[in-house]
Amino acid sequence: MAFVGAVNEESGEKSWWDFANCLGVDPDLFFPERGASTKEAKEVCRGCIVKEDCLEYALSHGEKFGIWGGMSERERRRLRRQRALARRAASEHAV
Ligand code: SF4
């Protein structure tokens, strides 16, 4: 999602986004116009060591736009649906 640098001002501790591969990268790359390529943004994400944190952040905060954790909106929607189905199946087995 192209963080431009953030410090956890409350604790002063480093956050996962301090290690983001997209620090300083043009944010527009991560918010492509409808139908435009997401390839370049995903390429930046590919080598990112906080990819999982980024993806989970986007999922838990319901981020609807942009590339997060190497995934597009559509891909995140699909993942959310898959997880919801898995949770439902697990709860049905638990009964
Ligand atoms: S996964 Fe991608 S969008 Fe997320 S922090 Fe890393 S480079 Fe940035």
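Counting convention: from 1, in listed order, for ligands and their atoms alike. Only this structure's heavy atoms are used, side chains among them; waters, hydrogens and symmetry mates stay out.
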Atom CD of Glu40: over 12 foreign heavy atoms under 6.0 Å: no
Side-chain (Ser72) to main-chain (Glu75) donor-acceptor, under 3.5 angstrom: yes
Trp68 vs Phe30, ring-ring contact (aromatic ring centres under 6.0 Å, His included): CA-CA, chis, key distance, verdict: CA-CA 8 Å; Trp68 292 78; Phe30 293 82; 9.1 Å; no
Atoms of ligand 1, numbered as shown, that sit under 4.0 Å from any heavy atom of Ala20: 5 (S)
Glu73 side-chain N/O to Gly66 backbone N/O, donor-acceptor pair under 3.5 Å: yes
Leu29: which of Val44, Thr38, Ile67 passes side-chain contact (heavy atoms from CB on, under 4.5 Å): Val44
N, O or S from Cys54 under 2.8 Å to atom 2 (Fe) of ligand 1: no
Enumerated ligand 1 atoms positioned under 4.0 Å from heavy atoms of Cys45: 1 (S), 2 (Fe), 3 (S), 7 (S)
2.8 Å cut-off met by an N, O or S atom of Cys22 to atom 8 (Fe) of ligand 1: yes
Gly69 neighbourhood, listing ligand 1 atoms whose heavy-atom distance to it stays under 4.0 Å: 1 (S), 4 (Fe)
